[in-house]
Protein chains: 2
Amino acid sequence: MGTEEIKLAGLKVTLPRTRILQILETNKTRHMSAEDVYRVLLDDDASSIALATVYRVLTQFETAGLVIRHNFEGGQAVFELDNGEHHDHMVCLKSGKIVEFHDEIIEQRQREIAKEHGFELADHSLILYGEFKGK
Amino acid sequence: MGTEEIKLAGLKVTLPRTRILQILETNKTRHMSAEDVYRVLLDDDASSIALATVYRVLTQFETAGLVIRHNFEGGQAVFELDNGEHHDHMVCLKSGKIVEFHDEIIEQRQREIAKEHGFELADHSLILYGEFKGK
DNA sequence: ATCAATGCAAAAACTTTGCACTGAT
DNA sequence: ATCAGTGCAAAGTTTTTGCATTGAT
């Protein structure tokens, strides 16, 4: 389970970290804001973990490469577990539903474009905004 | 000049709006945060236009389709004039330099992917982060 | 004259930080 | 015992809003 990952990240294995990682692993929606995580903590636990701690832990997890932070529209950053498989996102402007996708053609073109501009690509963010229409 | 566009947007032609549009049109860097615009106003003008007004006007311009708001990394939103030609961005993490690009292959793939998911595409955001290397 | 637009200050929303206490090793 | 981790409250940042005044038509 997650305890290992925390240790490998050079962080002490504490209750807040274990719980937050657990929540990220088990929550039905993969993408959660700090507030989302905090709310689950409030509901599930009798324990009291501060919102500030949630932010701190998520930031540490991000630094450690355990989670990825996204800045979608709407102020709040959202976090998701980094499963190692890069992907982009489709965000429904109506429901907030998020679907992940990966397209090698797009990835390839990005690398080419960067190269053409003498740009050393470190990362990228591709988000499609729109609306899921019932099939 | 810009006066027409403001009128067409259904907004009264006022000094703050004229000046802000003018700044967006003439500033050497196309992408400016509200603070950037505000700073130019402070320097150039004896007039005093409030930061709140800059935010209000930029938001109105966005609604009117005159400018586009981007949420790049780093907290502050940046605005650019909408010249009608859609493009994406390369952002240098070192210098902050921004280069625009457009790639029809990527655009096309996005449309296809959206279609495959029953997703009605309204908009998208593609940002490449990295570093420009001397040629 | 009318009603939108603005300045100012206050508030809101999100996130970070200082500090004294707690807890993992 | 030590030093990282945490809770709490306070502060920081960016953006928005309420309200009285100003200004465009």
Side-chain angles (χ1 to χ4, degrees), chain A residues 1-23 31-42 45-64 66-79 96, chain B residues 1-23 31-42 45-64 66-79 96:
Chain A
M1 86 256 42
T3 331
E4 301 306 313
E5 297 150 72
I6 295 176
K7 217 169 281 177
L8 286 174
L11 299 169
K12 284 190 182 168
V13 178
T14 62
L15 181 63
R17 290 181 180 144
T18 309
R19 286 294 292 118
I20 291 172
L21 184 52
Q22 199 172 92
I23 288 169
H31 302 80
M32 305 183 76
S33 68
E35 283 274 351
D36 289 339
V37 173
Y38 182 60
R39 218 169 303 118
V40 174
L41 281 170
L42 287 185
D45 300 43
S47 67
S48 72
I49 294 178
L51 180 57
T53 299
V54 176
Y55 273 106
R56 264 187 295 234
V57 169
L58 287 173
T59 301
Q60 293 159 346
F61 282 0
E62 184 192 16
T63 303
L66 285 179
V67 309
I68 301 177
R69 179 196 303 253
H70 296 288
N71 295 297
F72 297 156
E73 286 185 2
Q76 273 171 266
V78 302
F79 300 82
Chain B
M1 87 259 38
T3 331
E4 301 307 313
E5 296 149 74
I6 296 175
K7 217 170 281 176
L8 286 174
L11 299 170
K12 284 189 183 168
V13 178
T14 62
L15 181 63
R17 289 181 181 143
T18 309
R19 286 294 292 118
I20 291 172
L21 184 52
Q22 197 174 94
I23 287 170
H31 302 79
M32 307 182 75
S33 68
E35 283 272 352
D36 290 338
V37 173
Y38 182 60
R39 218 169 302 117
V40 174
L41 282 170
L42 286 185
D45 299 41
S47 65
S48 72
I49 294 178
L51 179 57
T53 301
V54 176
Y55 273 106
R56 264 186 296 231
V57 169
L58 287 173
T59 301
Q60 292 159 346
F61 283 0
E62 185 193 14
T63 303
L66 284 180
V67 309
I68 301 177
R69 180 196 303 252
H70 296 289
N71 294 297
F72 296 156
E73 287 185 1
Q76 274 172 262
V78 300
F79 301 81

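Each chain gets a letter, A, B and so on, in the order its sequence line appears, and its residues count up from 1. Heavy-atom basis, side chains included; hydrogens, waters and symmetry copies ignored.
In this structure His70(A) satisfies the side-chain hydrogen bond (donor to acceptor under 3.5 Å, both in side chains) test together with Glu80(A), sequence neighbours excluded. Here Gln76(B) pairs with Ser33(B) under the side-chain hydrogen bond (donor to acceptor under 3.5 Å, both in side chains) rule; sequence neighbours left out.
Ser33(A) comes within contact range of no nucleotide atom at all, as no heavy-atom separation falls under 4.0 Å. Residue contacts for Ala34(B): at a heavy-atom cut-off of 4.0 Å it reaches no nucleic acid atom on any strand shown.
Fit an axis to the five pairs at each end of the helix from dA1(C)-dT25(D) to dT25(C)-dA1(D) and the two axes sit 30° apart, to the nearest 10 degrees.
The distance between atom CZ of Phe61(B) and atom P of dA5(C), rounded to the nearest whole Å, is 11 Å. The nearest whole Å value for the distance from the CZ atom in Arg19(B) to the P atom in dT6(C) is 14 Å. Atom C1' of nucleotide dC14(C) and atom CD of Glu73(B) are separated by 17 Å, given to the nearest angstrom. At whole-Å resolution of the value, CG in Leu42(A) and P in dC8(D) are 11 Å apart. The OH-P distance, from Tyr38(A) to dC8(D), rounds to 8 Å in whole Å. Computed from coordinates, the Phe79(B) CZ to dT15(D) P distance equals 7 Å when rounded to whole Å. Atom CD in Gln60(A) sits roughly 7 Å away from atom P in dT6(D) (whole-Å rounding). When the C1' atom of dA13(C) is taken as reference, atom CG of Asn71(A) falls 15 Å away, rounded to whole Å.
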Enumerate all atom pairs, one protein N or O and one N or O from nucleotides 16-25 of chain C, separated by less than 3.5 Å.
unit_1  : atom_1 : unit_2   : atom_2 : d
dG18(C) : O6     : Arg56(A) : NH1    : 3.3

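Atom CG in Leu21(A) sits 11.0 Å away from atom CD in Glu4(A) (nearest 0.5 Å).
Of all heavy-atom pairs between Leu66(B) and Glu5(B), the closest is CD2-CB, 3.7 Å. The shortest non-hydrogen separation linking Lys12(A) to Ile6(A) is O-CG2, 3.6 Å. Nearest heavy atom pair, residue Ile49(A) against residue Arg19(A), reads CD1-CB, 4.4 Å. In plain terms, the two heavy atoms of Asn71(B) and Ala77(B) that are nearest each other are OD1-CB, 3.9 Å.
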May I have the list of side-chain donor-acceptor pairs in residues 50-61 of chain A shorter than 3.5 Å, sequence neighbours left out?
unit_1   : atom_1 : unit_2   : atom_2 : d
Thr59(A) : OG1    : Tyr55(A) : O      : 2.8
Thr59(A) : OG1    : Arg69(A) : NH2    : 3.2
Gln60(A) : OE1    : Arg17(A) : NE     : 3.4
Gln60(A) : OE1    : Arg17(A) : NH2    : 3.3

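Two residues are said to be in side-chain contact when any heavy atoms from C-beta on lie closer than 4.5 Å; Ile20(A) and Leu41(A) meet this criterion.
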